[in-house]
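Not measured: the values here are computed from a predicted model.
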Amino acid sequence: MISVSQVVPGGFRTVRQAVHAAPEGATISVAPGRYRENLVLTRDVTIVAEDGPGTVLIGSDTGVVVEVAAAVALSGIELEGTDAEQAPVVVGAGRLVMVECAVRGDSWAAAFAHGTGGLVLRDSLLSNPSGAGVVVTSRAGSSVHNSTFEDLGTSAVVVAERGLLDVRGSTVRKSGGNGFYLSGHAEFTAVDSGIADCGDKPAVAVEDHATAVLRRISVRDAAGLGFFLKTTGLVDLTECAVEGSAAEAFLAEGTGRLSLRDCDVRRSARYGMRFAGTATAVLQDCRVSDVEGTGVAVEERSTVEFHGLEVRACRDDGVQLSSKEEAVLHGLAIRDCAHNGIVVRGANARFEALEVERAQRAALEVVADGHALLRGCVVRAAGGPGIAVSGGTLTAEDGDLHGCGGDGVVLADGASGVLTRCRIRAGGGHGVHIAAAAKARMSDCELHGNDGDGIRVATDRDVVVRDCSLRENGGSGLRQQVVSTSIAVENISSSGNGVADTFGTAQAVPAAAVPAEPAAPRSGRAAENVPAEELQALVGLENVKREVATLVNLNRMAKLRVEAGLSAPPMSRHLVFAGAPGTGKTTVARLYGAILAELGVLESGHLVEVARADLVAQIVGGTAIKTTEAFRTAIGGVLFIDEAYTLSAQSGGTGPDFGREAIDTLVKLMEDHRDEAVVIVAGYSREMADFLATNPGLESRFSRTIEFPNYSAAELVTIVRQQCSRHDYRLDERAAELLLRYFDEMPKDATFGNGRTARKTFELIVDHQASRLAASPAVATSDLTQLLPEDMAFAQPIPSRSTAAAEGADVGR
């Protein structure tokens, strides 16, 4: 080892002398002191502070302090350069590794890696009030681990040209520019790092053709944008968070491909996320809350696909869609926004499993020739209309709109709408309002308890109302205000409404002139039988139907006893639904609530479906609040907890068990509100038995467990036939026989989806039919409806597990 000391005789007095004399690979130990010199390192050496970090400073007022063109390591050394034109550390070739070092500059950069040079910083500190921290243009591969950048005049980390840099476990504080800035064809990875108190530049900027992979990057209190993404390259963000940005938290304006997974936005001043340009973005399980402006905006020609997005407490709209490209949104939840929940403006949007709660204006507004397709929509307590369409189109399937301040659905200004299996209840206006020049088709819909008409028709355009139930609305069940022959009404059930129905070819009667007398049911059946009949029409589930019928009869007799002045029998309405997925548990829960509402046992009978994530918080005390909020939304109806056994699943750690806190809270709420809400817990049979054993009060709260068996092969074929009938297809009998064998041989393991499997199989058959017909030179109308054995090429005999295992073993050999 070579020693350097300014006070001990016999050694080298300067580091430069020691380096000049050192052989290749030598270690130089430097005694404490301040060494004013410039080092040019062209051979492999290691320079170590003899007494550890903070005891040795090497500095210079002019030129580069350390210039590297070899394999060099520095440990515990402080470097200081005050030359305004030169970076203190420059690596043009070779590799410089700095461990527990500090670099202070007063130039355009504190450290610069270029050419073929690589820079490695570990547990180090960089500051530079006049410029950047680290600038990398080299592809040699540089990294920064567990280091800190502070008091920077411009950007903390710059990767440009074809630079390559990896940052992990590092922190940026008080940067006058960007925290991370990427340009050119840079490739950048950052993990477990934070940026705080930046200037008015974006905390993270990715421009030109740069690519970035960012994992668990947090941005706090940015004076400008959080993430600015304007690149043609790929940007992949996972578990990144922005809190307190003065502009957009995420702004994408480029043409690149973006992936955001489990990202979080809180308290941004403009937008939470905004996508413009022609970027293609996929979001998974992201959250936006407490935004001063709009939560998420998709503009210009951006293409987005959302899988799980929660937007909460925005001062403007929750989501704005105006891109010319289709937007696909799965699992979007919007709550407590001060304007509209969603605005679709001239855009084409497809929503799967949409939830909008407590939007102060409309839950969904479609304008300027926009189109919205909704499959599975839940709207609660909108301040204005639930869905308002003006000059656009709406297609809604399986919707549930409850407690809207205005009309449930309003179609105006030439709008058109198709509503299928939608339930619109307890609104402050009409259930559905079809205004002038609008068109509508409604089938299998339920409109009850609205303050206005169930359906109000004020258009002379085509209106079709088929198989709908209109009950207990303040106005008419169905009121036609314009004389027209363009309305078609078939098989509706209308009863208990405040005003008689008026529709057809007779002169339409103004609202004020209609006599206030209840209208008779037009289908000849009592409206309260509709949910019960729908239950009985379900495929299979015979034991489930018997159990529910028994419960309904018990509730009916209990009500009669109370009305007769007798005491009500002791009974609990809370239930356990045990069985595999896809066996109709959610559907039966919805119908059970509707039946109890018809009996007057529950106020509305609406269904609120929740899972563990909706009940459990990750902070002490938060779970009780979250569980109570979810329970209160179900007051008057049914709280359906899917996979309830996950609440009792142990995490394996030593921290608090928040799932059990949710169970304890539920037990108390179920007792306090036993006459106001029904709780149904669902999941696999064995797991549900274990779940009931986790709390002494649970088993007593749930008096009955209803088993949902797997569907038989014949029942699955029946479900496919129902899908065919609903979508104007006909299943050839030979294809039905093949389908029966296919379902019979299908493994009924944990991946088996029962009814969902049947519906997916139907979609697969239709796909095969479309491919078959596309190859035909001529296609007749009858061909479009026929599903033939040729369309079931996938339904070949399924090998047994033993056969499959043997075949796998042969391949292995």
Non-neighbouring partners of [X] that pass salt bridge (charged side-chain N to carboxylate O under 4.0 Å, His left out), sequence neighbours left out:
X	result
R350	E326, E352
R421	D398
E357	R335
K545	E542

Kindly compute the distance separating [atom1] ([X]) from [atom2] ([Y]), expressed to the nearest 0.5 Å.
X	Y	atom1	atom2	answer
I434	S416	CD1	OG	11.0 Å
R261	L283	CZ	CG	10.5 Å
T705	E547	OG1	CD	9.5 Å
Q320	N340	CD	CG	8.5 Å
Q786	L773	CD	CG	10.0 Å
T718	Q723	OG1	CD	12.0 Å

Discussion item. The test is side-chain contact (heavy atoms from CB on, under 4.5 Å); show your working for L329 and L354 and say whether it passes.
Written reply: CA-CA 8 Å; L329 303 96; L354 169 66; over 6 Å; no
Are [X] and [Y] packed together at the side-chain level, in the sense that at least one heavy-atom pair is separated by less than 4.5 angstrom?
X	Y	value
S323	T303	no
L591	L538	yes
L478	Q480	no
V638	R590	no
F351	L321	yes
F306	V296	yes
V379	C377	yes
V367	D413	no

Return the set of residues passing side-chain hydrogen bond (donor to acceptor under 3.5 Å, both in side chains) with [X] (not counting sequence neighbours), or none when no residue passes.
X	result
H727	none
D462	none
R274	E248, E299
D262	R287

Heavy atoms only: give me the nearest [X]-[Y] pair and the separation to one decimal.
X	Y	value
T583	P709	CG2-O, 3.3 Å
D501	S494	OD2-OG, 2.8 Å
A580	N710	CB-OD1, 3.4 Å
G295	V311	CA-CG1, 4.1 Å
L401	G408	CD2-O, 3.3 Å
S486	D460	OG-O, 3.3 Å

Tell me if a side-chain donor or acceptor on [X] pairs with a main-chain N or O of [Y] at a distance below 3.5 Å.
X	Y	value
N491	D467	no
Q769	L784	yes
S725	R721	no

Discussion item. Go through it in stages, so that I can follow the logic: the residues are R257 and D236, the test is salt bridge (Lys or Arg N to Asp or Glu O under 4.0 Å), and I'd like the CA-CA distance, side-chain angles, deciding distance and then a yes or no.
Written reply: CA-CA 8 Å; R257 292 171 294 133; D236 190 338; over 6 Å; no
Worksheet item: Excluding sequence neighbours, so at least two apart, what forms side-chain contact (heavy atoms from CB on, under 4.5 Å) with C422?
Response: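 Here the qualifying residues are A396, L419, C445.
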Practice prompt. Just jot down the side-chain contact (heavy atoms from CB on, under 4.5 Å) partners of E300, sequence neighbours excluded, or say none.
Written response: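 Once residues adjacent in sequence are excluded, the partners of E300 under the side-chain contact (heavy atoms from CB on, under 4.5 Å) criterion are A276.
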Output a table of donor-acceptor pairs, distance under 3.5 Å, between side-chain atoms of residues 436-444 and any protein atom two or more places apart or on a different chain; print 'none' if there are none.
none

Fill in: Derivation and outcome, side-chain contact (heavy atoms from CB on, under 4.5 Å), residues R423 and H448
CA-CA 8 Å; R423 196 176 185 205; H448 72 83; 3.9 Å; yes
Fill in: Pairs where residues 765-794 contributes a residue and the test salt bridge (charged side-chain N to carboxylate O under 4.0 Å, His left out) is met, not counting sequence neighbours
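Those involving residues 765-794 are R772-D791.
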Item to complete: If the plane angle is over 60° it's perpendicular, under 30° parallel, otherwise tilted; pick one for Y729 and F762.
Response: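 Perpendicular, since the angle between the ring planes exceeds 60°.
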Worksheet item: Taking the six-membered ring for Trp, are F577 and F708 parallel (under 30°), tilted (30 to 60°) or perpendicular (over 60°)?
Response: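 Geometry flag for F708 against F577: tilted rings.
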Worksheet item: side-chain contact (heavy atoms from CB on, under 4.5 Å) between I455 and V463: does it pass, once the steps are laid out?
Response: CA-CA 11 Å; I455 303 173; V463 174; 5.9 Å; no
Practice prompt. Verify side-chain contact (heavy atoms from CB on, under 4.5 Å) between V544 and V548, making sure each step is shown before the conclusion.
Written response: CA-CA 6 Å; V544 174; V548 173; 4.3 Å; yes
Discussion item. Under the criterion salt bridge (Lys or Arg N to Asp or Glu O under 4.0 Å), I'd like the reasoning laid out for E446 against R425: C-alpha separation, chi angles, the key distance, then a yes or no.
Written reply: CA-CA 8 Å; E446 181 181 349; R425 307 170 288 131; over 6 Å; no
Worksheet item: Between R301 and T278, does any side-chain donor sit less than 3.5 Å from a side-chain acceptor?
Response: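 No, no side-chain donor-acceptor contact under 3.5 Å.
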